[in-house]
There are 2 protein chains.
Amino acid sequence: MNKAAGKLADSDGAKGRLPAHEVIYRQLRDLVLYGDLAPGQAVTIQGLTERLAAGMTPVREAIRRLIAEGALEFQGNRRVCVPLLNAENISEIILARQWLDPHLSLRATQRATPDDLDELTAMDTTLDQSILRGDLRGYLELNYKFHKRLYELAEAPILADMADGLWLRFGPSLRVVCGRLGTQNLPDKHKDLLQAMRARDAEEAARAIREDVIQGMEQVRQSFGGQDPLN
Amino acid sequence: MNKAAGKLADSDGAKGRLPAHEVIYRQLRDLVLYGDLAPGQAVTIQGLTERLAAGMTPVREAIRRLIAEGALEFQGNRRVCVPLLNAENISEIILARQWLDPHLSLRATQRATPDDLDELTAMDTTLDQSILRGDLRGYLELNYKFHKRLYELAEAPILADMADGLWLRFGPSLRVVCGRLGTQNLPDKHKDLLQAMRARDAEEAARAIREDVIQGMEQVRQSFGGQDPLN
DNA sequence: CAGGAAATAATTTGATCATATTCTAGGCAA
DNA sequence: TTGCCTAGAATATGATCAAATTATTTCCTG
């Protein structure tokens, strides 16, 4: 006889009912996205089972997912590492984001409610505080989530997935660049974007985010593409 | 530093040395890509272990990869199915391909060698034969491989990955549409494209592939977005 | 007495782990 | 340098546990 067993009576731990492989995936994803893993660094299954205190099977599945998304790289012979971008890769990402991000911002501007705009504004304010505090990790996380929220508001899940996937690819490199430059020297165009969105000027919003993308990604290109010409 | 010997000299072993999860992944990928799995159909691990005569772990990993690529859909409660596209999804895919494919064709035109062009021409010829024969499966496979080869020639791996991923998303729906219309009624612009590529007219090649994309995808949109409004 | 809804049992399927096997890398000796 | 050998990591299997859907039963209502 099975008892009710409690739907959500998670007295044992603070974890929700998410399967382990999903939890591990998100943790590993954040590790990549916020640059806790350096470009080129090897990623081993057993290393992650220890670091994340997980079983082998969930870790394997999480790694496969990240490889499929381009966040990790399978090196032929059983080895997995964090991708090391070259100048051409970065140019491709810039090109794709220059098309995707403005398009998504345009749609988001047409669909965002006043509450949505307030939420974005609040996120941007918190982001500025992280910059002033010199909190690099906080900056990276909030900057990503700001753009991610924008993608969601566009109500175009496939295009949003594509844009999201690009962040996973340049996340590790972005961390390196920001670490060199310091957070103070990383301006953004979020204020222009929010002003245009409040005015419901979708074209202007697209233009603002396009500049934001170019400004941010060009720093990555120069810091990386210029310094590492060979290889 | 010496390289390890023995690149690919496995002439004796009939089977390649590919790991099982890689083999299963490719088989399952083809199943999705060429419409052997219908949109909306449930995909079970145990069903695939029987169908593909494989163990449970490789199948699980293959499914995770396909989910990450958007080829399969995770339905919250442990279930996995083949995505059922709606009109908005199809519009997104059309939009993305309208940008990606011309861009890749343009780059491919600038980089293709005469041998590459001969190869593409041969593929297109075989494709025409499949159409005449009424060989739907052969048509789907060759049509995909023609475009896939084009992506490779562009030498832009990230953009190519993105375009490739879109094929996985509309593959099952494409099969349904082609099954309804018959292969005879599926014209393409490959001849125009090849002519432009041979003339090294990159702009014209981009224009041709753009028309090819629109022509093909609009049939999917009309056949699906119009006919299946509810559900 | 019949029909249906809710609860419960049963079966199917997914998630996880422990373990055995296979492969790669690097050290060591000739 | 070359070849073998060992260590360690990745791959793959099967068993076990947990969850969800389906089927069944029961009880209430008309």
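Letters A, B, ... are given to chains in the order of the sequence lines, protein chains preceding strands, and every chain is numbered from 1. Not measured: the values here are computed from a predicted model.
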Handout entry: ring pair (Phe, Tyr, Trp, His ring centres under 6.0 Å) partners of B/Y34, counting only residues at least two apart
Key = none

Completion exercise
Between B/I131 and B/L186, the two heavy atoms sitting closest are CD1-O, 4.4 Å

Practice task
Residues of residues 58-75 of chain A with any non-hydrogen atom less than 4.0 angstrom from an atom of DNA chain C: list those, numerically ordered, please.
Solution key: A/P58

Problem - B/W167 and B/Y144 aromatic ring geometry - parallel, tilted or perpendicular at 30°/60° bounds - result: perpendicular

Exercise for the section: Return the value, rounded to whole Å, for the distance between atom CD of B/E50 and atom P of C/dG14. Expected result: 11 Å

For a quick test of your reading: what N or O donor-acceptor pairs under 3.5 Å do the side chains of residues 18-28 of chain B make, sequence neighbours left out?
{"unit_1": "B/H21", "atom_1": "NE2", "unit_2": "A/R64", "atom_2": "NH2", "d": "3.4"}
{"unit_1": "B/E22", "atom_1": "OE1", "unit_2": "B/R65", "atom_2": "NH1", "d": "3.1"}
{"unit_1": "B/E22", "atom_1": "OE2", "unit_2": "B/R26", "atom_2": "NE", "d": "3.2"}
{"unit_1": "B/E22", "atom_1": "OE2", "unit_2": "B/R26", "atom_2": "NH2", "d": "3.4"}
{"unit_1": "B/Y25", "atom_1": "OH", "unit_2": "B/R29", "atom_2": "NE", "d": "3.3"}
{"unit_1": "B/Y25", "atom_1": "OH", "unit_2": "B/E69", "atom_2": "OE1", "d": "2.9"}
{"unit_1": "B/Y25", "atom_1": "OH", "unit_2": "B/E69", "atom_2": "OE2", "d": "3.0"}

Exercise for the section: Begin with the C-alpha distance, continue with both residues' side-chain angles, and end with the deciding distance and a verdict on side-chain contact (heavy atoms from CB on, under 4.5 Å) for B/L85 and B/I93. Expected result: CA-CA 10 Å; B/L85 298 184; B/I93 295 174; 4.0 Å; yes

Handout entry: Sequence-distant partners of B/P83, side chain to side chain contact (heavy atoms under 4.5 Å, CB included), two or more places apart
Key = B/E73

Report all interatomic pairs (protein N or O, nucleotide N or O of nucleotides 3-9 of chain D) with separations under 3.5 Å.
{"unit_1": "D/dA9", "atom_1": "OP2", "unit_2": "A/Q46", "atom_2": "OE1", "d": "3.3"}

Fill in the blank from the handout: From CE of A/M56 across to C1' of D/dG14 the rounded distance in Å is 15 Å

Problem - 4.5 Å side-chain heavy-atom contact, A/P157 and B/N89 - result: yes

Atom pairs and distances, side-chain donor-acceptor, residues 40-60 of chain B, under 3.5 Å, sequence neighbours left out:
{"unit_1": "B/Q41", "atom_1": "OE1", "unit_2": "B/A38", "atom_2": "N", "d": "3.0"}
{"unit_1": "B/T44", "atom_1": "OG1", "unit_2": "B/G47", "atom_2": "N", "d": "2.9"}
{"unit_1": "B/T49", "atom_1": "OG1", "unit_2": "B/Q46", "atom_2": "O", "d": "2.6"}
{"unit_1": "B/R60", "atom_1": "NE", "unit_2": "A/E61", "atom_2": "OE2", "d": "2.6"}
{"unit_1": "B/R60", "atom_1": "NH2", "unit_2": "A/E61", "atom_2": "OE2", "d": "2.8"}

